[in-house]
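Just so you know, ligand 1 is whichever comes first in the structure, and atom 1 is the first atom listed for that ligand.
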Amino acid sequence: MLSSKHILLIIGGGIAAYKSLDLIRKLRERGASVIPVLTRAGSEFVTPLSVSALSGAEVHSDLFDLTKEAEMGHIQLSRSADLLVVAPATADLMAKMAQGRADDLASTLLLATDTPVLIAPTMNVRMWDHPATQRNLATLQTDGVSVVGPNEGDMACGEYGPGRMAEPLEIIEAIEAAFSDGPLKGKRILVTSGPTHEPIDPVRYIANRSSGAQGTAIGAALARLGADVVFVTGPTDIEPPAGVQVVKVQSAAEMLEVVEAALPVDAGVFAAAVADWRVASESASKIKKKDGKMPVLEFAENVDILARVSQMKDRRPSLVVGFAAETDDVIVNATAKRKRKGCDWIVANDVSPETGIMGGSENDVVLICEGGSEDWPRMGKDAVAEKLALKIADALVR
Ligand code: CTP
């Protein structure tokens, strides 16, 4: 799949740079050639010798190397590649890219190219969550940069959270997706998935039975068709799809914030089982038992994310797909829901316990559009995802 592809790999200064050595090996095993660029900070983590030994190529690191400039200038270097991959992409590199700065070889190459760019960010959790980094991320995505990861987990700095660089195989999947000629290539699609957790106090929350299986299958199917997928998921046990940008959230309020920050997109698929209500005043400390007195929880309504996006004047995606989880009068309720929320399509399913759909591996859906409805036979959630993704491709590429 990657044979005869030239990948210009920029290795930034993060502890995850060691994974980039494995990435080089795996890219070459798949037939790609790697043109390595090591930033000054990157060379603190891996040596030019190991990078050049693994890539079988000369390592570029200096903007003002006159000998190399005479052989192959930095402009030509960046344009000789089929794809630029930045792994690890540090907070600093992302900031430089977002601002269009060109003060070293890596940033100059990134500015001098019109070749597609994929970044694999990695940094401390707080740095990743910082509004400045999130702003830079949004700018880069609007500029058409693809993003893989970061993943959640224990970090070298001793903290836990999103910030670990995606694994080499995940980066490879994202690279393959970037080269895929799928019908959704160049389309950016947002998918929400999983349940939300609405906190009661620091140890308790309200949740629902959504496993996130259908949303995950949809994210994967869209990525296979070449889409650049932003996958916003509530807490689940299943692995998010590979080759997509994953953003993990807990509550409906967090999901709304992330969804709004991800816009504009070409299409939005709202498969999450978002809680309709949150506890109005979350207790900052654990609610204690008091002489047999029952606590009373007051609820407040969450913003309907699907309706909010569907009714946007300026940033509405050209296709908005909602889901309807119903237990009675599925088609009547889902048809009314489509109108009320203002989305284009509704994927309606019967989630009564006897159907085994919520938490199960199969789904039985009716797709409701402006012009009528399509009753799909019961099939695996992967097959539903595949069929829906192809329909989305048809609608967007028409
Ligand atoms: N949804 C959303 N934000 C919410 C609630 C729901 O984005 N706060 C989206 C879901 O992702 C789904 C659709 O709205 O795509 C329908 O969700 P569903 O739970 O079936 O509908 P409700 O809005 O809860 O309506 P009802 O309570 O009448 O069933």
J.: Which atoms of ligand 1 sit under 4.0 Å from any heavy atom of Gly322?
T.: 15 (O)
J.: Report yes if some N/O of Ala271 lies less than 3.5 Å from some N/O of ligand 1; otherwise report no.
T.: no
J.: Starting from atom 14 (O) of ligand 1, which protein heavy atom do you reach first, and at what distance in Å?
T.: Lys341 NZ, 2.8 Å
J.: Below 3.5 Å, N or O to N or O, backbone or side chain included: is there any such pair between Asp276 and ligand 1?
T.: yes
J.: Is atom 22 (P) of ligand 1 close to the protein, meaning a heavy atom under 4.0 Å from it?
T.: yes
J.: Can you see which heavy atom on Val249 is nearest to which on Glu254, and at what distance?
T.: CA-OE1, 3.5 Å
J.: Should Ala273 be counted as touching ligand 1, given the test is an N or O pair under 3.5 Å?
T.: no
J.: For atom 1 (N) of ligand 1, what is the closest protein heavy atom, and at what distance to 0.1 Å?
T.: Asp304 OD1, 3.8 Å
J.: Counting non-hydrogen protein atoms only, what is the nearest one to atom 29 (O) of ligand 1? Give residue, atom name and distance.
T.: Lys337 NZ, 2.9 Å
J.: If we ignore hydrogens and angles and just use 3.5 Å, is the side chain of Thr122 paired with the main-chain N or O of Gly163 as donor and acceptor?
T.: yes
J.: Partners of Tyr205 by ring pair (Phe, Tyr, Trp, His ring centres under 6.0 Å), sequence neighbours excluded?
T.: His197
J.: Go through ligand 1 atom by atom and flag the ones less than 4.0 Å from a non-hydrogen atom of Ala272.
T.: 10 (C), 11 (O)
J.: Inspect the surroundings of CZ in Arg25 and state if more than 12 heavy atoms from other residues, nucleotides or ligands are less than 6.0 Å away.
T.: yes
J.: Using distance alone, determine whether Phe270 and ligand 1 share an N or O pair under 3.5 Å.
T.: yes
J.: Which of the atoms of ligand 1 are close to Ala324, meaning less than 4.0 Å from one of its heavy atoms?
T.: 20 (O)
J.: Is it true that Asn124 and Glu159 share a donor-acceptor pair across their side chains at a distance under 3.5 Å?
T.: yes
J.: If you measure every N or O of Val303 against every N or O of ligand 1, does any of those distances drop under 3.5 Å?
T.: yes
J.: Salt bridge between Arg40 and Asp104, side-chain N to carboxylate O under 4.0 Å?
T.: no
J.: How far is atom 7 (O) of ligand 1 from the closest protein heavy atom, and which atom is that?
T.: Leu306 N, 2.8 Å
J.: Can you name the nearest heavy-atom pair linking Pro195 to Thr236, along with the distance?
T.: CD-CG2, 3.5 Å
J.: Nearest protein heavy-atom contact for atom 13 (C) of ligand 1: which residue, which atom, what distance?
T.: Phe323 O, 2.9 Å
J.: With a 4.0 Å cut-off on N to O distance, would you call Asp304 and Lys341 a salt bridge?
T.: yes
J.: Would you mind checking if Lys391 and Asp394 are paired as a salt bridge, meaning a charged N to carboxylate O distance below 4.0 Å?
T.: no
J.: With the threshold set at 4.0 Å, does a side-chain nitrogen-carboxylate oxygen contact exist between Lys26 and Asp22?
T.: yes
J.: So is Asn302 polar-close to ligand 1, meaning N/O to N/O under 3.5 Å?
T.: no
J.: Hey, is ligand 1 close enough to Ile305 that some N/O pair sits below 3.5 Å?
T.: yes
J.: Indicate, as side chain, backbone, both or neither, the part of Arg340 found under 4.0 angstrom from ligand 1 when only non-hydrogen atoms are considered.
T.: side chain
J.: Report yes if some heavy atom in the side chain of Met123 is under 4.5 Å from a heavy atom in the side chain of Pro150; otherwise report no.
T.: no
